[in-house]
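Here is the structure we will look at, set down as structure tokens.
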Amino acid sequence: MNKTKIVIIGVGAVGATTAYTLLLRERADELVLIDANKGKAKGDAIDMNHGLPFLGKTKVWAGEYEDCRDASVIIITAGAAQRPGETRVDLLKRNVGIFESIMTEVLKYNQDGILLIASNPVDIMSYFSWRKSQWPVQRIIGSGTLLDSSRFRYLIGEELGIDPRSVHAHIIGEHGDSELPVWSLANIAGTRIPFNEETKDRIFTNTRDAAYEIISAKGATYYAIALALDRICTAILRDEGAVLNVSTLLQDYHGVSNVYLGVPCVVDRSGVREVLKLELSELEQEQLQRSAQKMKELIQSISLS
């Protein structure tokens with residue numbers, strides 16, 4: 001039988017929490033941790049292995065890049081940490097250099113898996129990974145606005161006293177300051193959400209700025225993004241055809257092309273099988289185009305276009 005292997009590159013707060021989440025949910029037969037700090041990766045692997053008598057038969061170990069061979073999914077969370085008060089795009093130039101070396105090593109050993117990018121700014125890191133790898137675009141996936149949409153749904157549900165799983169609402173665009181809420185399509189069981197503009201503005205602001213609040217309070221965000229990455233992995237490994245707001249290359253999407261942004265996509269074993277084109281209002285289309293323009297300007301500033 002073919003074994004399922006997931007590799008996580010970067011076992012800081014996000015990577016380690018993602019590994020633990022995948023372990024608890026028994027998503028893979030093999031779970032490999034790779035980090036420039038080999039001691040940290042080894043320590044995390046040992047710690048998780050000590051819990052295996054309470055779980056299943058997942059094999060966990062601290063590995064090298066050659067262990068990317070035969071991996072179904074390679075999750076990259078490595079990169080410089082976001083500092084308090086620092087925007088995601090401020091991370092750009094620091095992280096591109098790190099990604100250059102990571103991608104060079106990964107591509108030596110794996111040409112058939114799916115790359116799942118979580119490092120920020122995730123849309124640009126995903127675009128860079130696609131350009132660097134020259135893989136089919138559907139196999140390079142960014143975590144996109146999946147977490148943002150989850151925050152959005154949670155806050156709407158909290159406001160109404162409704163289970164957030166019953167809230168259907170999207171955040172699209174950049175995973176960052178230029179993201180936008182799709183209020184025109186937000187609904188609960190097909191019914192419009194009865195918020196005034198002040199409430200909408202407050203909920204969206206709290207959604208958009210959530211990471212800054214969490215980073216200011218405890219230094220990093222990692223629990224919810226780990227769950228989001230687990231959800232993407234599950235859609236891939238189980239060939240679900242799940243609709244998830246991940247980051248992918250857009251082509252003629254309400255006037256947006258040649259840039260990675262988060263939008264609803266059908267995700268299955270092939271990666272991003274299909275991009276779903278939302279029926280946006282004119283204002284939302286303009287906001288999406290502005291978000292795309294911001295990403296393109298940043299890409300051009302580091303000569304990736």
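- Side-chain contact between I188 and I193: present, with at least one pair of heavy atoms (C-beta onward) separated by less than 4.5 Å.
- Identified under the salt bridge (charged side-chain N to carboxylate O under 4.0 Å, His left out) test for residues 264-282, with sequence neighbours left out: D268-R273.
- Of all the heavy atoms in A169 and A186, the pair that sits closest is CB-CB, 4.0 Å.
- Between V256 and Q289 the shortest side-chain heavy-atom distance falls below 4.5 Å.
- Proximity of a side-chain donor or acceptor of R151 to a complementary backbone N or O of R208 within less than 3.5 Å is not detected.
- Salt bridge status for E66 with K108: absent, with no side-chain N to carboxylate O gap under 4.0 Å.
- At least one donor-acceptor pair under 3.5 Å links the side chain of Y253 to the backbone N or O of L278.
- Two residues are said to be in side-chain contact when any heavy atoms from C-beta on lie closer than 4.5 Å; Y65 and I74 fail this criterion.
- The shortest distance between side-chain heavy atoms of I76 and M103 falls below 4.5 Å.
- Between the side chain of Q285 and the main chain of L280, a donor-acceptor pair closer than 3.5 Å is present.
- Using a 4.5 Å cut-off on side-chain heavy atoms (C-beta onward), I172 and E179 make no contact.
- When the shell of 6.0 Å around OH of Y154 is examined, it contains 12 or fewer heavy atoms from other residues, nucleotides or ligands.
- Between R202 and E159, the closest side-chain pair of non-hydrogen atoms falls below 4.5 Å.
- Annotation for T58 and L52: closest pair O-CD1, 3.3 Å, computed over non-hydrogen atoms.
- Between S72 and T4, the closest heavy-atom pair is OG-CG2, 4.1 Å.
- A donor-acceptor pair is defined here as one N or O able to donate and one able to accept, closer than 3.5 Å; such a pair exists between the side chain of R153 and the backbone of P164.
- Distance alone, capped at 3.5 Å, places no donor-acceptor pair between the K38 side chain and the E64 backbone.
- The heavy-atom pair separating L147 from A224 by the smallest distance is CD1-CB, 3.4 Å.
- The closest donor-acceptor contact from the side chain of D67 to the backbone of V32 lies at 3.5 Å or more, if one exists at all.
- Of the possible polar contacts, none joining the N245 side chain to the G144 backbone as a donor-acceptor pair under 3.5 Å is found.
- Between I117 and S129 the shortest heavy-atom distance is CD1-OG, 3.7 Å.
- Note on ring orientation: taking the six-membered ring where Trp is involved, the planes of Y260 and W130 are tilted (angle from 30° to 60°).
- In this structure a side-chain-to-backbone donor-acceptor pair under 3.5 Å is present from D35 to V11.
- The shortest distance between side-chain heavy atoms of T221 and I215 falls below 4.5 Å.
- Using a cut-off of 4.0 Å between Lys/Arg side-chain N and Asp/Glu carboxylate O, E297 and K294 are scored as not salt-bridged.
- Between the CG atom in D123 and the CG atom in L261 there is a gap of 5.5 Å [rounded to 0.5 Å].
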